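Here's the structure, in C-alpha cells; my notes come after.
To find a chain, count down the sequence lines: A is the first, B the second, and so on, and within it residues start at 1. Because the structure is a prediction, the values reported are computed rather than measured.
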2 protein chains.
Amino acid sequence: MSTTLQYGGRMTQEPRWLSDREQRAWQAYRRMFLLLNAQLSRDLARQSGLSEPDYDVLSSLGSRPDHRCRVSELAERMLWSRSRLSHHLARMEQRGLVVREECATDGRGAVVVLTAPGQRTIEAAAPLHVESVRKYFIDLLTAEEIDVFADVGETVVERLTDTEGRRPTG
Amino acid sequence: MSTTLQYGGRMTQEPRWLSDREQRAWQAYRRMFLLLNAQLSRDLARQSGLSEPDYDVLSSLGSRPDHRCRVSELAERMLWSRSRLSHHLARMEQRGLVVREECATDGRGAVVVLTAPGQRTIEAAAPLHVESVRKYFIDLLTAEEIDVFADVGETVVERLTDTEGRRPTG
DNA sequence: GCAGTGTAGTTGACATGTCATCTACCTCAT
DNA sequence: ATGAGGTAGATGACATGTCAACTACACTGC
C-alpha cells in the first residue's frame, strides 16, 4: 500500500519527500481504499454471491440498452486488459451469467450478452451494493467533499490517460 | 470497479440510488485508483524491480529503527492477512530482500528483518516512488484538496474499523 | 503439571490477474 | 488477389491473493 514514503536514508540528491500533510493524505487514501474495498467485497459476496469484478462486468452489461457489448469495447470501458476480461468472461460463462456470441460484423470479434440469470443477479445485487457504498463511503461525505473527490479523480485520470496514454493491453 | 451503480430495473423497494454528483464522485474515485495504481506499479517495476506489495513491505521494515518487525505486527500495520504476508515474505526471502528469524520472547513467533540488499533496494526505490506519487497524484492537488483526502480517508477508515471491526485474519 | 483454549505463523488448494504468445481475421497498398 | 502488418480474442505459464486447515507454542484454571 505504499503508506510510508519517507525513507530515512541518505540520498545523493535529496528528493522532494512528502510533507506531513501530504503524507497523511496519501496514507489515508491508501488505507481507505484497502478497507473500503475489502468491506464492499465482503458485502457483495455475502449478499449476492458476486465478486467485485463479477459485479462490474454484470453492471456494465446491464447498463447497456440491449445487455450486450463487444468484448474489446467492454474491456476499454472497464479499463481492463483484454486478457483479464477474457479469463473472467470464461469463468462467468461457466456460471451461466453471460454468454459469448460471434460478432456479425467482424469475424474476429465476440459479443458478450447478459443471460436471464445474469440479469436477475445484477438486478438483485445492485440496490444492496449501493447501500454498502452509501453506508461506508458516500453518506460519510459532505457535498463539498463529494465534489472534491469527483474533481480530483477526474484530474488524475486525465493526467494518466492524456499524458502517458498507457492502457492495459495484455 | 463498480463504476456503474444505477441499475435500471424495477425493485420492490426503490433503493436510494446515487445522485449524478455522487455517481460522478464514485466513478472518478474508482477509475482514479485503477489508473493510478497501474501507473505506480509500472514505475516501481521498471525503476526498482519491485511490485507495490514488495515496496510496502520493504518500506514498512525500513521505517523501523532496527529494520525488524514481528510478522503479525507487520501484518496488522499493513492491513494484510497473516497468510498473505507469510506467502509474500517467503517470496521476498527467496530474493534475499528479507530474512525471518525466530522470536526470542515468543516461541511461536517470527521476526522479519531487512537484509543489506533489501535496505539498498528500498533506499534506491523510495525517492523514485515519491516522485511518481507526486507526479501523478499529490502535485495535482491543491492544499485544500489534500486535506479533504486526508479527512475523508480517516473518516472512512474509522467507520470501517470501529463499527465493523473486520480485519483480515487468514 | 496438565488439560483446554487461544494465538502465531505456515501451508496447500484454489481463485484471480499478468504477460507473452498464438490464431484468425481484417485492411490496405501494390 | 495477395502479402504485410494490424487487431480481436483466447490461451498457457506463471505470480499473486484468499480461505481453510494445520502445527507449534502460550496462557489459564484447576
[X] vs [N]: side-chain N/O to OP1/OP2 distance below 4.0 Å:
X: B:Arg70; N: C:dG9; answer: yes
X: A:Arg91; N: C:dT16; answer: yes
X: A:Ser72; N: D:dG9; answer: yes

Tell me the interatomic distance from [X], atom [atom1], to [N], atom [atom2], rounded to whole angstroms.
X: A:Arg84; N: D:dG12; atom1: CZ; atom2: C1'; value: 19 Å
X: A:His87; N: C:dA20; atom1: NE2; atom2: P; value: 14 Å
X: B:Arg100; N: C:dT11; atom1: CZ; atom2: P; value: 7 Å
X: B:Asn37; N: D:dT16; atom1: CG; atom2: C1'; value: 14 Å
X: B:Trp80; N: D:dC19; atom1: CH2; atom2: C1'; value: 17 Å
X: A:Arg42; N: D:dT18; atom1: CZ; atom2: P; value: 11 Å
X: B:Arg82; N: D:dC19; atom1: CZ; atom2: P; value: 15 Å
X: B:Glu102; N: C:dT10; atom1: CD; atom2: C1'; value: 14 Å

Problem - Ring center gap for B:Phe149 and B:Tyr29 short of 6.0 angstrom - result: no

Handout entry: Residue closer to the 5' end of DNA chain C, A:Asp54 versus B:Val71 (nearest nucleotide)
Key = B:Val71

Can you tell me which nucleotide in [options] comes closest to the side chain of [X]?
X: B:Ser83; options: C:dC19, C:dG9, C:dG12; result: C:dG12
X: B:Asp106; options: C:dG17, C:dA20, D:dC25; result: D:dC25
X: B:Ser51; options: D:dT16, C:dT10, D:dA10; result: D:dT16

Practice task
Look at all strands and tell whether A:His88 reaches a base, only sugar-phosphate, or nothing, counting heavy atoms closer than 4.0 Å.
Solution key: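 Answer is sugar-phosphate: A:His88 comes under 4.0 Å of backbone atoms only.
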
Problem - Parallel, tilted or perpendicular: rings of A:His88 and A:Trp80 (30°, 60°) - result: perpendicular

Practice task
For the pair B:Lys135 and B:Asp43, evaluate salt bridge (Lys or Arg N to Asp or Glu O under 4.0 Å) and give the outcome as yes or no after the intermediate values.
Solution key: CA-CA 11 Å; B:Lys135 179 174 175 185; B:Asp43 288 356; over 6 Å; no

Practice task
Identify the residue among B:Thr121, B:Thr115, B:Asp54 that makes a side-chain hydrogen bond (donor to acceptor under 3.5 Å, both in side chains) with B:Arg95.
Solution key: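 Exactly one option meets the side-chain hydrogen bond (donor to acceptor under 3.5 Å, both in side chains) with B:Arg95, and it is B:Asp54.
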
Handout entry: Given DNA chain D, 5'-ward residue of the pair A:Arg108 and A:Leu85, judged by closest heavy atom
Key = A:Arg108

Practice task
Following the transitive rule for hydrophobic clusters with a side-chain heavy-atom cut-off under 4.5 Å over Ile, Leu, Val, Met, Phe, Trp and Tyr, establish whether A:Leu58 and A:Leu44 coincide in one cluster.
Solution key: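 Per the 4.5 Å side-chain linkage, A:Leu58 and A:Leu44 are co-clustered.
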
